[in-house]
Amino acid sequence: MHYDPKTIEPKWQRRWEDEKTFRAADKSAKPKYYALEMFPYPSGSGLHVGHLKNYVPMDAFCRYQSMNGYNVLHPMGWDAFGQPAENAAIQTGRNPRDLVPVYAANYRRTLKLAGCSYDWDREINSSDPGYYRWTQWFFLLLHQRGLAYRATAPINWCPSCKTGLANEEVKEGRCWRCDSPVEKRPMPQWFFRITAYADRLLNDLDALDWSEGMKEMQRDWIGRSEGATVKFVIRNSKFEVEVFTTRPDTLFGATFMVLAPEHPLVGAITTAAQRGAVEAYVKKAQGEAEIDRLNAERTKTGVFTGASAVNPVDGREVPVWIADYVMMGYGTGAIMCVPGHDARDFEFARKFGLPIVQVVSRDGSRYELAEAEPGEGIAVNSGQYDGLTTAEFKKKITAWLEAEGIGKRTVNYRIRDWLISRQRYWGAPIPIVHCPKCGEVPVPEHDLPVLLPDVRNYQPSGTGESPLASIPEFVHTQCPDCGGPAKRETDTMGGYACSSWYFFRFIDPANDKAFAGRDKLDHWMPVDFYTGGIEHARSHLLYSRFWTKVLFDAGYVGFQEPFKILKNQGSLLAYTPGRKPFAGEDAGTEGGDEKTLDWILLKPHELGKFPQNQVVWRWARMSKSKGNVVTPEQIAEKYGIDSLRVYEMFMAPFEDDVQWSEEGIHGSHRFVCRAWRWLAAAAAQFDPEWRTHLPAEMPTEVRAVRRKLHQTIRKVGHDIKGFQFNTAIAALMELCNAVHEYNQPREDGQGPAPDRAVVSEIAECMTLLLAPFTPHMADELWSTLGKPGTTYHAQWPAHDESVAAVNEITLVVQVNGKLRDRITVPANTVNKELERIALESNKIKEAIKSSTLVKVLVVKGKLVNIVVSR
RNA sequence: GCCGGGGUGGCGGAACUGGUAGACGCAAGGGACUUAAAAUCCCUCGUUCCCAACGGGACGUGUCGGUUCGAUUCCGACCCCCGGCACCA
């Protein structure tokens, strides 16, 4: 029977679809398992083999779980709102409303082609009114709980896209889409108060089964730091400036202060003499692009305000400066400067001739500071506190500050509130009405959804307002409270709002009474296994965790963390042509460190025209925009999807980046063909009653191949559970090789003929072991064996520990830790016997003949190490 | 600079809890089959040295050092690569 993937693959895909094989039942006696991949934005370029590096392994995992008796929920949907869809729509001149279903259909087609086991009855689309109605409901929930507020804040304004960007959409001061430098613009905006949950988001990380790297990234992002806020009185004024410091123990060394240029008190405290210089500096700081300000390399600048404050611990006068190295967005926007023990303050003091005082010493003595010493130590020059360690000093001074009412213990966070407003068309409208009498009024729940109007012009207004602002029918409405004329909020919600709860919707996708029914939530949630790109390490995962905690607090769910296990897939790199920049060509800069790009991508149409000897090839992330994609269709055409699936999982561990090369796929394809050939032949003489026909006594060869089978069953299950698909496939290849050898015709007449019951056992088990990896082939073989249904609902084979057990081991004999002999011995040989056997070996006798025996170490079942001296 | 991950043959990668380094595969070379090619099957395949051969020795997991009977694995210092953060007070 010839292996013909082009026939069997479509055949089984059709059957799975017709029979709804992958439907997850809400009521089942089986334990539930919720497996989820981050839902994608369906782009016009479709899926390539790189995307499958995430979807295929998870699919294999789900099939394994199903075969192990779990009721598996494995859904797929579309993250359809947001800037990429809107930008694509602007480019093609079509409404995203029309574009998204076309793109989604293409994604769905490719995922089905790849044999992925999704329950398509649960497909969701975040731009569907039936979906975003609940996104709006979440907004109201947050609003009602005081977690949504409006504030005027500078937005990240991209002059090229003519739109606002979220903080995480700004990469090193540049727009993540078009790379233009980002400017600041003040706008009234909506925020979610994620900072109120900072501590819980931080503490609950500990219990999660996520990679340490991922958790560290979240911890860094939350950025908790303990310290104190201290009030400094401005001399000859009614003002005081509050600072945050992690080192209140260095207060005696605070010789000046610096405020951020945007600090609200700057205008009030600046003296007439300094006003001109200060205003000029503030203006310059505002006009500067964020990218320049973020550059840590540049030298410190600043201006004296003319004002001075009083150091509360010793009454000394400290001049107040402004400088752009202090950020308004962190802490209080003002710092006390301790040049002796902070590198930035040190540099600033040196440059402007400000005094540097040592207040921390490595050994308790005083010495000249050649540079800032930020470490902990013993206090000096600190009055009565001299001699205290940093930790003791902190405790005492904080207590004193609190007693005097000058300061208090404070925990500060780096994380900022979540800016949700987008001045864009393609998002869920924010369900708020602005009434001249009643103020901000939430749209009543029964009036949801606030429908996104169908408009002709959804291009950015360019004024900073959403395109919705220019649609009178949308804007003008009645106040839900007083019935008077009012205006709708025209901002829409950023895409992260949709993706912060979509995993709940899969559980109950058609529910029009709630975002999901409580009984179903209790049954399915939380997500047991979640995979996705590392790029969502912070935003998406933090926001989802935040919303889940809000739901918990509001009594809607009974758990606090949405994703139990998380793994990040590596990306697929493609060998990509590029060139060196031409002489004098501005290759652009990357990041704030002025690193010059030394490689420019060549688009496919440029490649032909470019001199071949000047083309520089590099590994770059596979993406349509780079023109370096390979599609699953291309590969399936040549080798079949099952071979591609095997290759995607075999080439590297799930979390590693992989350099795509088509050469390696030969090996995977060869393996699939070999397995097919053997299994198809075995199926022809299959004995369904093999269990009762297994002979009681078996020749060595038969026992060996059965041992290999049962070891493989054990290993493959273990590896799939650990998401280690590459080694699972390697084990299957070994089994295939062993079976092949066992089945060789024995010309020399040695060894027994293959046993029919054993061959049947192997055929049945191996078909099932292959099912997660090559489901089409497995199902075809399964029916050839005369089995009903699909492998998806079959039982994963159990291994017999006594069959898998080895009866002989290779004893390794070392002399002084060096390998000197290998001896085959019965597996149950006791240590004393092992030692005797080792010492009797001729090779060992030879190796130790002119030495004195010192001692012998025996590791049970493994090795003997003989220590000798010469 | 800080945080996280990593560095193993020509290549992708494997190695349980400190115990045979290089599983499995790719590529390469040799052979069988074939009119021929493809496919398939068999053999070799870390470096180096000794041997006619059978065999055997030394070295070898980024570098240097340490712990240990024994280190890819543990500890210390350093180098390099990837990802993230970055004047965070």
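Because only heavy atoms are used, hydrogens play no part in the values below, and waters and symmetry mates are left out as well, while side chains stay in. Residue numbers start from 1 in every chain, and the chains themselves are labelled A, B, ... in the order their sequence lines are given, proteins ahead of strands.
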**Prompt:** On RNA chain B, nearest-nucleotide positions of A/Cys673 versus A/Ala334: which is more 5'?
**Reply:**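 Its nearest nucleotide being more 5', the pick is A/Cys673.
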**Message:** Determine whether a donor-acceptor pair (N or O, by modelled atom type, separation under 3.5 Å) exists between the side chain of A/Asn726 and the backbone of A/Met649.
**Reply:** no
**Prompt:** If you count the non-hydrogen atoms of other residues, nucleotides and ligands that lie under 6.0 Å from NZ in A/Lys351, is the total more than 12?
**Reply:**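 Counting neighbours around NZ of A/Lys351, more than 12 heavy atoms of other residues, nucleotides or ligands fall under 6.0 Å, so yes.
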Tell me: [atom1] of [X] to [atom2] of [N], nearest whole Å?
X	N	atom1	atom2	value
A/Arg645	B/G25	CZ	P	21 Å
A/His2	B/A39	NE2	P	14 Å
A/Gln711	B/A23	CD	P	17 Å
A/Leu819	B/G22	CG	C1'	15 Å
A/Asp719	B/C16	CG	P	11 Å

**Item:** Test of ring centre spacing under 6.0 Å for A/Phe348 and A/Tyr325
**Value:** yes
**Prompt:** Of the nucleotides B/G13, B/C87, B/C24, which has the atom closest to the A/Lys300 side chain?
**Reply:**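 Looking only at heavy atoms from C-beta outward on A/Lys300, the closest nucleotide is B/C87.
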**Prompt:** Of the nucleotides B/C24, B/C59, B/C88, which one has an atom closest to the side chain of A/Met733?
**Reply:** B/C24
Are [X] and [N] close enough that a side-chain N or O sits under 4.0 Å from OP1 or OP2?
X	N	answer
A/Arg414	B/C85	no
A/Asn737	B/G25	yes
A/Arg219	B/G4	no
A/Lys715	B/A14	no
A/Asn726	B/A14	yes

**Message:** Classify A/Arg224 by what it touches in the nucleic acid, base, sugar-phosphate, or nothing, heavy-atom distance under 4.0 Å.
**Reply:**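 If one applies the 4.0 Å heavy-atom cut-off, A/Arg224 turns out to touch nothing in the nucleic acid.
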**Request:** Just call it for A/Lys843: base, sugar-phosphate, or nothing, with non-hydrogen atoms closer than 4.0 Å on any strand.
**Result:**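 Touches sugar-phosphate only.
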**Message:** Using the P atom as the point on both nucleotides, what is the distance between B/U17 and B/G7, in whole Å?
**Reply:** 16 Å
**Item:** Salt bridge present between A/Glu741 and A/Lys708 (N-O < 4.0 angstrom)
**Value:**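 Here A/Glu741 does not pair with A/Lys708 in a salt bridge, since their nearest N and O are not under 4.0 Å apart.
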**Presence of salt bridge, A/Glu226 and A/Lys394, under 4.0 angstrom** =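 No, A/Lys394 and A/Glu226 are not salt-bridged.
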